[in-house]
Amino acid sequence: METNQPTKLTVQAVIQAPVEKVWRYWTEPDHITKWNQASEDWHAPRAENDLRVGGKFLTRMEAKDGSMGFDFGGVYDVVNRHEAIGYTMEDGRRVDIAFVDQGNETKVIETFDAESSNPVEFQQAGWQAIMDNFKAYTEQN
């Protein structure tokens with residue numbers, strides 16, 4: 001029997017900051033716009049976040065040269081303050097994020113359903129690049 005379960009990919013980082021700060025920087029729109037891009041030629045000029053079960057979020061992602069852009073959004077299924085976030089993207093794929101409090105550092109583990117348009121290696125690298133930007137931004141601010 002064949003199953004149509006999506007491929008799950010995971011990215012992670014250990015952030016040198018307490019979980020309260022990591023949570024705030026991950027969820028507040030003013031911070032999201034400063035780290036949520038996979039490369040230097042992209043940016044996130046706008047973010048909205050209604051952080052509650054059933055709440056929606058949206059981040060506008062655009063190439064800095066204006067050549068392309070898209071809205072990344074979804075609806076929250078799980079919000080456990082300082083511990084976990086789960087959401088369903090507009091295309092039905094799932095994302096689960098764990099925030100592991102390790103005292104003065106926090107491990108962030110993000111697992112997401114791969115999409116079928118791009119190679120999984122490309123998706124893994126892109127999401128890891130965003131995670132790495134989050135780590136750098138959070139540790140430097």
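- Tracing side-chain contacts under 4.5 Å through hydrophobic residues (I, L, V, M, F, W, Y), one reaches Ile97 starting from Leu9; they form part of the same cluster.
- A continuous path of hydrophobic side-chain contacts links Met131 to Val120 [ILVMFWY only; heavy atoms under 4.5 Å].
- More than 12 heavy atoms of other residues, nucleotides or ligands lie within 6.0 Å of CZ in Phe72, so this atom counts as buried by the packing criterion.
- Summarising the geometry, atom CH2 belonging to Trp35 is positioned 15.5 Å from atom NE2 belonging to His43; distances are rounded to the nearest 0.5 Å.
- Residue Val100 shares its hydrophobic cluster (ILVMFWY side chains chained together at separations under 4.5 Å) with Ile109.
- Using the six-membered ring where Trp is involved, Phe70 and Trp42 have ring planes that are tilted, between 30° and 60° apart.
- Environment of CZ in Arg24: crowded, with over 12 heavy atoms of neighbouring residues, nucleotides or ligands closer than 6.0 Å.
- When side chains are defined from C-beta on, Trp23 counts as touching Ile85, because their heavy atoms get closer than 4.5 Å.
- A donor-acceptor pair under 3.5 Å is formed between the side chain of Arg94 and the backbone N or O of Tyr87.
- Taking Asp41 as the reference, Ser39 meet the side-chain hydrogen bond (donor to acceptor under 3.5 Å, both in side chains) condition, with sequence neighbours excluded.
- No more than 12 heavy-atom neighbours from other residues, nucleotides or ligands sit within 6.0 angstrom of NZ on Lys56.
- Residues that satisfy the salt bridge (Lys or Arg N to Asp or Glu O under 4.0 Å) test with Glu139, not counting sequence neighbours, are Lys135.
- Here the straight-line distance linking atom CH2 of Trp26 with atom OG1 of Thr106 works out to 12.0 Å at 0.5 Å rounding.
- Applying the side-chain hydrogen bond (donor to acceptor under 3.5 Å, both in side chains) criterion to Tyr25, with sequence neighbours excluded, gives no partner residue.
- For Ala44, the side-chain contact (heavy atoms from CB on, under 4.5 Å) test picks out Asn36, Thr59, with sequence neighbours left out.
- For Lys107, there are no salt bridge (Lys or Arg N to Asp or Glu O under 4.0 Å) partners two or more places apart in sequence or in a different chain.
- Here the straight-line distance linking atom OH of Tyr137 with atom CD1 of Ile130 works out to 15.5 Å at 0.5 Å rounding.
- The cluster map of Ile, Leu, Val, Met, Phe, Trp and Tyr, joined by side-chain heavy atoms under 4.5 Å apart, puts Phe134 and Leu58 in different clusters.
- Between the CD atom in Glu48 and the CZ atom in Phe57 there is a gap of 11.5 Å [rounded to 0.5 Å].
- A donor-acceptor contact shorter than 3.5 Å is absent between the side chain of Asp101 and the backbone of His82.
- Every residue meeting the salt bridge (Lys or Arg N to Asp or Glu O under 4.0 Å) condition with Asp91, not counting sequence neighbours, appears here in chain and number order: Arg93.
- To the nearest 0.5 angstrom, Thr7 atom OG1 is 11.0 Å from Gln124 atom CD.
- Evaluation of the side-chain contact (heavy atoms from CB on, under 4.5 Å) rule for Asp65 yields Ala63, Ser67 as partners, not counting sequence neighbours.
- Scanning both residues, Ala38 and Ala129, for their nearest heavy atoms gives O-CB, 3.3 Å.
- With sequence neighbours excluded, no residue satisfies side-chain hydrogen bond (donor to acceptor under 3.5 Å, both in side chains) with Thr27.
- By the 4.5 Å heavy-atom criterion applied to side chains, Val53 and Tyr76 are not counted as neighbours.
- Qualifying salt bridge (Lys or Arg N to Asp or Glu O under 4.0 Å) partners for Asp71, counting only residues two or more places apart in sequence or in other chains: Arg60.
- In this view, Asn133 and Gln37 satisfy the side-chain contact (heavy atoms from CB on, under 4.5 Å) rule, not counting sequence neighbours.
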Validation: residues 11-22 side-chain donor-acceptor distances under 3.5 Å, sequence neighbours left out:
unit_1 : atom_1 : unit_2 : atom_2 : d
Gln16  : NE2    : Glu105 : OE1    : 3.1
Lys21  : NZ     : Thr138 : O      : 2.9
Lys21  : NZ     : Asn141 : O      : 2.4

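- Here Asn49 contributes atom CG and Asp30 contributes atom CG; the two are 11.5 Å apart, rounded to the nearest 0.5 Å.
- Ala47 and Pro29 get closest at one heavy-atom pair: O-CB, 3.4 Å.
- Linking Ile, Leu, Val, Met, Phe, Trp and Tyr whenever their side-chain heavy atoms come within less than 4.5 Å puts Phe99 and Val79 in one cluster.
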